[in-house]
Amino acid sequence: MGFKTIIEPFKIKVVEPIRITTPEEREMHLKDAGYNLFGLKADHVIIDFLTDSGTSAMSDRQWSGIMLGDEAYSGSKSWIRMREAIYNLTGYPYIFPTHQGRAAERIVYGALGGKGKVFISNTHFDTTRANIEVTGAEAIDIPVPEASDTALNKPFKGNMDVGRLKELISKHGKENIGAVILTVTNNSSGGQPVSMQNAKEVGALCRLNGIMFILDCCRIAENAYFIKRDEKGFEDMTYKEIATQMFSLADASVMSAKKDALVNMGGFFAMHDKAFADKCRESLIIGEGYITYGGLSGRDMEAIATGLEEVFDPDYLNYRIKSTAYLGNKLHQKGIPVMMPIGGHAVYIDAKKFYPHIPVENFPGQALACELYLKGGIRSCEIGSVMFGHTDNKGKFVPAAMELVRLAIPRRVYTQSHIEYVIEVFDKLLEDREKVSGYKITEAPRYLRHFTARFEKTGVKMSVSGGR
Ligand code: F0G
């Protein structure tokens, strides 16, 4: 207590070397990748902030569990441990393993979806939306209005707009709502947390109308940290108790274990309702595997059981949230337009404000992501018009709502000095920000173009009116 320095609450037992590339090498690698960071070899990256998913460092306890993994096809000891860990945390009687989050989504939304159904969320993550839309159903996002004000420093900007939820229920009819989904924390909206009050209000409205309420809970431990810190009445509860309370409000949950279960692969879904569980069980066996492994090895399940315990350790969560905030607040102090407040797993930069001279049709977010790599070997992810923009049927460019770049921080992987290095790289970016040009797409597939599109630089174009 009382110290400013955030020390990592772990010691390093195994190391993975980072190859330090030169600016000339990076220029060549990025050009070869068509200026798309997904196309880079990971070995050519110095600091990899592409995602926090599946990139955690496991603990010595988790690694020793790997040797204890029981690979029995049915009734594996490791499954029983994983099921118990999930039951203790969530209280759901029906629990099913999957190989990752989107597999659980495919099964759950496959069972609930279909033409004419509507799903409502604070914000659907893209795989959630895709798994809903593929059934012919519609997915509607209703974050609170303040979510889109990136500079507004207010807690719980990840909440769902309950007023809009009421309107949508009466507009579409409760019988046509497949489910209401609360994503905690709200990844696609800045990694902002959801308050318990909001979850209670959403849950009450769903119960009143007989609508299924689902938690997308992959970052629920991080969310619990914010509730304990910022919401009245939770100061004396443990992080795990807070998470358990949130689970008790929902009918079912879907989890990508690649986030807050501190593992490299895995997921699950769980629920109270037997008839719903029976329907999902069938689809699990057809697509993923038998109900006691669902696409996972016994050793993966062992690691998940341990990870779900470790993630609620107060020292870990304190380090996790404070070190993410350290990076975000340092950038904020330098005048870099970061989304405020800093969320749990990532720092989001508003690239439209950082490069106001680059028009949105030339992708300021892509320009920022490329500069971070060229100057410092940092890999980030554009979440803007490359990902969500499109050309309408009249040939007009329709930009995304925001041009963000996400620095997603892997759990327990980087140290304070890596973070200090990242902050220094931003100083370099500030030195010549007016000279940076935008990009144009030279090749792109029809769907999910951000993964494989190729780009070229437009050359510096100083638009007098500035970006939109
Ligand atoms: N839900 C949320 C809120 C997510 O963030 C993700 C994945 C998923 C579901 C899907 O889980 O990857 O295990 O199939 N998010 C990653 C990211 C990919 O980078 O934010 P998955």
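Values reported hereafter were calculated over all heavy atoms of this structure, with side chains retained and with hydrogens, waters and symmetry mates removed. Both counts, for ligands and for their atoms, begin at 1 and track the order of listing.
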*Just need the protein heavy atom nearest to atom 9 (C) of ligand 1, so name the residue and atom and give the distance.*
E105 OE2, 3.3 Å
*For atom 18 (C) of ligand 1, find the nearest protein heavy atom and state the residue, atom name and distance (0.1 Å precision).*
F125 CZ, 3.9 Å
*Contact check: G266 vs ligand 1, nitrogen or oxygen atoms, below 3.5 angstrom*: no
*Name the closest protein heavy atom to atom 15 (N) of ligand 1, giving the residue it belongs to and the distance to 0.1 Å.*
K259 NZ, 3.0 Å
*Identify the closest protein heavy atom to atom 5 (O) of ligand 1: which residue and atom is it, and at what distance?*
N187 ND2, 2.8 Å
*Answer yes or no: does an N/O atom from T185 fall short of 3.5 Å to an N/O atom of ligand 1?*
no
*asked:* Side chain, backbone, both or neither: which applies to R406 and ligand 1 if a contact is any heavy-atom pair less than 4.0 Å apart?
replied: side chain
*asked:* Please list, in number order, the atoms of ligand 1 under 4.0 Å from a heavy atom of T183.
replied: 3 (C)
*Return a yes/no value for D216: is any of its N or O atoms, backbone included, closer than 3.5 angstrom to an N or O of ligand 1?*
yes
*Centres of the Y293 and Y73 rings: under 6.0 Å?*
yes
*Determine, using heavy atoms of R219 and all atoms of ligand 1, whether some pair is separated by less than 4.0 Å.*
yes
*Those residues that, when tested against F269, pass ring pair (Phe, Tyr, Trp, His ring centres under 6.0 Å) (two or more places apart)*: F96
*Are any of the N or O atoms of K258 closer than 3.5 Å to those of ligand 1?*
no
*Look up atom CG in D315 and atom CD in E310, then write down how far apart they are to the nearest 0.5 Å.*
12.5 Å
*Among all protein heavy atoms, pick the one closest to atom 12 (O) of ligand 1 and tell me residue, atom and distance.*
R102 NH2, 2.9 Å
*Nearest 0.5 Å please: distance from the CD atom of Q416 over to the OH atom of Y326.*
4.5 Å
_Under a 4.0 angstrom heavy-atom cut-off, which atoms of ligand 1 come close to G101?_
11 (O), 13 (O), 14 (O), 21 (P)
*Just do the ring-ring contact (aromatic ring centres under 6.0 Å, His included) check on F312 and Y239 with the steps written out, would you?*
CA-CA 6 Å; F312 288 103; Y239 298 117; 7.8 Å; no
*Decide whether the shortest distance between a heavy atom of C218 and an atom of ligand 1 is less than 4.0 Å.*
yes
*Below 3.5 angstrom, do we get any N/O pair linking S256 and ligand 1?*
yes
*Modelled atom types, side-chain donor and acceptor of S297 and E71, under 3.5 Å*: no
_More than 12 heavy atoms of other residues, nucleotides or ligands under 6.0 Å from CZ of R26: yes or no?_
yes
*asked:* Which residue and atom name correspond to the protein heavy atom nearest atom 10 (C) of ligand 1, and how close is it?
replied: T127 OG1, 3.4 Å
_I'd like to know whether D149 forms a salt bridge (charged side-chain N to carboxylate O under 4.0 Å, His left out) with K157, so could you lay out the CA-CA distance, the side-chain angles of the two residues, the decisive distance to 0.1 Å, and finally the verdict._
CA-CA 9 Å; D149 181 351; K157 280 164 71 181; 5.8 Å; no
*May I ask you to say whether K228 pairs ionically with E241, meaning some side-chain N is under 4.0 Å from a carboxylate O?*
no
*Is any N or O atom of T51, backbone or side chain, closer than 3.5 Å to an N or O atom of ligand 1?*
yes
*Is the Y414-F49 ring centre distance short of 6.0 angstrom?*
yes
*Nearest to atom 21 (P) of ligand 1, what protein heavy atom do you find, and at what distance?*
Q100 NE2, 3.3 Å
*Could you tell me whether K77 atom NZ has more than 12 heavy atoms of other residues or ligands within 6.0 Å of it?*
no
